[in-house]
Enquirer: 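Sharing a structure with you now.
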Amino acid sequence: MSTVDGSSAPHSPAESSLATSIFSAKSPADSDGHAARAAKWRFATQVVAVDGSDNAHGASSVPIFQTATFKGMDGQYDYTRSGNPTRGGLESHLARIYSAHQAFALSTGMTCLDVILRLVKPGETVLAGDDLYGGTNRLLTYAKSHGGVDVRHADTTDVAALLPHLGEGNKVKMVLLESPTNPLLKVADIAEISAAVKKAAPDAIVVVDNTMLSPYLQRPLELGADIVYDSATKYLSGHHDVMAGIIATGNPQASKDIAWLINAMGSGLAPFDSFLLLRGVKTLALRMDKQQANAQIVANYLDALGFKVHYPGLKSHPKRDVHFKQASGAGAVLSVLTDDTQLSERVVSAARLWGVSVSFGAVNSLISMPCLMSHASIPAHIRAERGLREDLIRLCVGIEDPRDLLDDLEHALIASGAIVPNVDPTLLSSDKLAEVFRENPSQWGIERARYFRRPNVEALIDGVSRGLALDGVKTIDSDIVVSAPGKVILFGEHAVVHGVTAIATSLNLRCYGVLAPRTDGKVAITAPDLEAEHVWDISSLPWDLVPPREGSAADEKLDPVLLVALEKLVAEDKPTKTGASASIAFLYLFMAIARESTEAPATTLTVSANLPIGAGLGSSAAFSTCVASALLIAHERVHVPDAGSIDPSHVDDVDSWAFLAEKVLHGNPSGIDNAVAVRGGAVAFTRAIEGKEGGMDSIRGFDSIRLLLTNTRVPRDTKSLVAGVAAKRAAEPHVVDPVLGQIQDISDEARGLLDGSTKTSRNGFVSRLETLMRDNHGHLRTLGVSHPSLEAVVAATAAAPFNLTTKLTGAGGGGCAVTLVPDTFDDANLDQLLANLRGLGAEPYLTTLGGPGLGVHTRTPSDLSSTLVAAGPAGLASWADSLNAQWVHS
Ligand SMILES: N[C@@H](CCSC[C@H](N)C(=O)O)C(=O)O
């Protein structure tokens with residue numbers, strides 16, 4: 001019985017708990033920070049790294065202290081019932097991998113439950129699940145009949161079903177859960193139940209039997225449970241050559257109580273068995289990965305044959321989302337119904353490679369009939385009441401080659417008559433199936449199974465292997481952190497449609513993205529501002545549809561077939577329109593850049609922006625730039641220097657991919673928004689029209705200027721505003737054409753000011769820009785695209801003492817206005833102006849014009865995704881600053 005850190009272990013044999021491990025009692029010197037690094041080891045490392053360095057002879061595995069007694073009166077150990085170094089070594093190791101305060105090794109899983117149940121006094125209540133292992137049910141029944149304990153059962157998949165037992169007047173001392181349950185694989189929300197119990201019955205403890213998953217896949221103490229136990233006979237030891245049980249406790253009181261009971265009862269694990277368990281546990285992660293991959297293959301196979309399969313790894317599992325919220329895998333036990341008990345018996349008897357045996361968790365696969373075997377001790381009528389059907393077959397999957405497992409299972413299914421291979425589906429028409437269903441619903445399940453053709457086993461295995469990353473998942477080493485700015489059109493909106501040059505500049509309101517590694521073969525997007533939250537198996541994406549491509553730049557056109565396939569795929573999750581567009585754009589780039597599934601890195605992209613979305617300020621281009629740059633960096637197609645700026649050819653590549661994403665989002669964008677988002681500064685854009693040559697020129701190097709950006713919050717319809725100007729031009733060319741000419745002059749002059757070819761002082765520069773803005777706004781008013789809400793902002797900013805110049809930006813008809821704020825403008829006046837604008841119902845943002853484009857953080861600490869989301873739009877700027885300003889830009 002050992003503490004994780006060895007610190008609170010008793011030192012006198014006279015005390016009840018004596019089991020401080022010889023391996024954790026003293027810590028080796030930690031001059032190189034080893035302890036801090038070791039604390040971050042992943043599970044597969046921790047489980048192997050048994051700390052055996054402190055034993056007297058340097059034995060590299062924990063020795064077996066096969067002794068009942070220890071000499072002396074003041075040593076650490078006196079009697080093996082109270083403590084033994086081999087058991088102590090095991091317990092120290094397990095405490096760590098369970099994230100426990102203390103761990104205890106006992107003789108079996110049922111001994112663990114026996115010890116734990118002794119915490120309940122006569123008259124107190126144990127509230128347990130309604131699907132639970134037969135031995136658990138037996139011991140609970142005994143506690144009721146012989147110990148005066150009030151034992152109740154409820155459906156633990158529904159926290160509401162537990163609440164009536166927990167409130168005032170109830171004496172619930174213990175809530176006992178399995179998740180997933182044995183054998184129906186029902187899932188309880190451990191965190192939700194633990195929180196509900198703590199609230200409604202603060203003195204009650206939550207106990208979880210974690211045997212079905214082991215601590216590798218689920219650690220209930222981290223979810224709020226007080227005590228966890230496992231039958232270590234199963235996954236922990238892994239070879240069915242030792243019986244053992246583990247109790248892991250989450251707090252000092254539970255540890256103290258359990259330690260006392262184990263010593264008093266003498267239920268601690270024997271030294272030789274402790275050694276066997278310690279040996280077995282080292283391969284837990286390795287075995288479990290293979291076992292659950294095989295289980296997924298078997299579950300998919302039976303599901304494809306039309307059987308009702310209970311397995312949290314199947315999409316049809318009703319609590320799949322809850323399961324994967326609390327566990328990192330579906331486990332390796334599944335159960336299946338045939339609708340006919342005798343048929344099930346024939347299937348089980350016909351299996352050869354699958355051993356007919358109770359228990360699970362060993363490296364070899366087992367098949368059983370729970371009602372006749374592991375759960376036979378539950379009376380038949382109670383089994384029926386609890387939905388445990390007699391025809392249920394339990395499959396406990398091992399590490400064999402899955403092709404042999406499927407072959408043996410298929411042989412058993414055919415031999416028993418459960419399936420007929422490769423029946424021509426036309427022989428069993430859907431009409432015929434409907435008829436069978438009407439006459440005999442239970443026969444329908446079997447006929448339906450017959451209807452299905454044999455699944456393509458190789459494809460099934462391949463898909464699962466890739467999905468679960470058995471062939472080595474491709475991912476990235478650490479988080480990739482990128483950012484890109486929004487934009488405003490400073491001059492030339494609307495006129496640009498008619499061939500006039502428009503000038504857009506970047507803002508220091510930005511979108512930030514973190515691309516983080518995953519190890520599960522999936523790709524995900526989390527963009528709360530865009531309502532995008534999706535995860536996909538990489539292997540399930542439509543890779544066959546990715547168009548072939550040469551070179552590093554993106555295609556000019558979107559592939560319509562891939563686009564439609566992705567639209568359908570994303571629609572399955574019923575997203576909002578914005579969420580769907582963002583997800584499709586991300587997936588399109590994810591696939592088109594990778595080209596093949598084997599090249600696609602398992603990652604999660606998390607995105608957040610302090611830029612208003614859908615206000616004409618280039619938020620989608622900033623998003624597209626973040627997606628494109630993060631993915632290109634992940635594929636090492638864009639290299640990020642430690643200092644200086646990103647290579648211009650790489651910047652061009654990012655721009656081409658961001659433009660492609662913009663096409664997914666907007667159909668036919670001009671490209672000006674992504675050009676600004678990628679390059680920053682300003683861009684002069686002229687559309688090729690009526691034989692006139694177009695072009696896009698970057699303008700860099702001008703000093704940024706303070707800008708007040710005011711969102712009127714009046715929604716606008718860009719299409720009809722653009723059409724309105726075209727109609728006006730057709731009707732009144734004598735009015736509109738001269739206006740367009742004057743706007744061209746404004747853009748030309750502004751370009752000269754921004755690129756430095758027109759020399760002037762800083763004040764002259766700002767004041768000339770103000771004049772040009774005032775003129776341009778007047779022209780836009782003439783074109784009919786202003787709006788009372790915009791004119792109210794113009795008036796509010798022009799009023800004394802502010803005297804500032806404002807112009808609408810973008811489509812007009814509402815939307816946003818921009819106001820230049822000269823360097824000398826008084827702060828108190830600025831505060832007053834912001835308040836006045838808010839008073840008009842508008843949303844003002846103080847920002848600057850002309851900041852940098854694409855930014856990439858050069859030395860990224862890990863786990864930034866959650867802090868990015870937690871920062872929220874208002875905290876993003878300080879979040880970015882907190883990354884020590886180690887950014888390089890385009
Ligand atoms: N005869 C035994 C059956 C043990 S079942 C073991 C294991 N927990 C399982 O679920 O297979 C008994 O009655 O306890």
Side-chain angles (χ1 to χ4, degrees), residues 105-117 128-143 145 156 176-187 207-215 217-218 228-247 267 269 273 277 280 287-288 291-292 295 298 310-312 331-336 344-345 348 351 354-380 382-383 386-398:
L106 294 86
S107 54
T108 67
M110 281 299 101
T111 317
C112 295
L113 181 61
D114 186 26
V115 166
I116 293 167
L117 284 177
D130 62 359
D131 177 40
L132 72 189
Y133 164 52
T136 305
N137 190 73
R138 179 169 50 203
L139 210 46
L140 286 172
T141 309
Y142 183 85
S145 61
T156 49
L176 179 60
L177 307 173
E178 288 179 20
S179 188
T181 58
N182 174 10
L184 292 177
L185 285 295
K186 286 161 71 171
V187 168
V207 177
V208 179
D209 175 349
N210 201 43
T211 309
M212 291 279 275
L213 290 185
S214 89
L217 298 181
Q218 181 171 273
V228 176
Y229 70 97
D230 263 75
S231 166
T233 312
K234 315 291 191 304
Y235 293 108
L236 286 167
S237 60
H239 297 77
H240 280 172
D241 52 10
V242 61
M243 304 285 301
I246 301 301
I247 299 177
S267 44
L269 191 63
D273 291 345
L277 178 52
R287 285 183 276 111
M288 203 64 177
Q291 283 179 260
Q292 71 172 345
V298 173
H310 302 297
Y311 185 59
V333 176
L334 56 125
S335 55
V336 55
S344 294
E345 283 174 29
V348 171
W354 295 80
V356 183
S357 165
V358 294
S359 201
F360 54 90
V363 285
N364 48 309
S365 294
L366 304 175
I367 189 165
S368 65
M369 301 266 311
C371 292
L372 299 180
M373 301 165 77
S374 50
H375 293 65
S377 60
I378 306 178
I382 295 181
R383 290 201 303 258
R386 295 182 186 168
L388 179 49
R389 282 173 37 179
E390 305 290 310
D391 62 315
L392 190 78
I393 298 175
R394 192 179 71 179
L395 292 156
C396 307
V397 188

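We count ligands from 1, going down the list as the structure has it; atoms in each ligand are counted the same way. Here, residue 1 is the first one in the sequence, and each next residue gets the next number. Everything numeric in this text was worked out from a predicted model, so none of it was measured.
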Enquirer: For residues 237-246, which side-chain donor-acceptor pairs fall under 3.5 Å, sequence neighbours excluded?
Expert:
unit_1	atom_1	unit_2	atom_2	d
S237	OG	A232	O	2.7
S237	OG	T233	O	3.3
H239	ND1	S237	O	2.9
H240	NE2	S359	OG	3.0
H240	NE2	F360	O	3.2

Enquirer: So which residues, sorted by chain and number, lie with a heavy atom under 4.0 Å of ligand 1?
Expert: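 Lining ligand 1: Y133, R138, N182, K234, V358, S359, F360, S374, R394.
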Enquirer: I'd like to know whether R394 forms a side chain to side chain contact (heavy atoms under 4.5 Å, CB included) with H375, so could you lay out the CA-CA distance, the side-chain angles of the two residues, the decisive distance to 0.1 Å, and finally the verdict.
Expert: CA-CA 11 Å; R394 192 179 71 179; H375 293 65; 4.1 Å; yes
Enquirer: Does the side chain of D131 come under 3.5 Å of the side chain of T181 through a donor N or O and an acceptor N or O?
Expert: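 Looking only at side-chain atoms, T181 and D131 do form a donor-acceptor pair, the distance falling under 3.5 Å.
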Enquirer: Check this for me: does any side-chain nitrogen of one of E178 and K186 sit under 4.0 Å from a carboxylate oxygen of the other?
Expert: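 So E178 does not pair with K186 through a salt bridge.
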Enquirer: CG of L176 to CG of L113: how many Å apart, nearest 0.5 Å?
Expert: 6.0 Å
Enquirer: Keeping R386 on the side-chain end and L132 on the backbone end, is there a donor-acceptor pair under 3.5 Å?
Expert: no
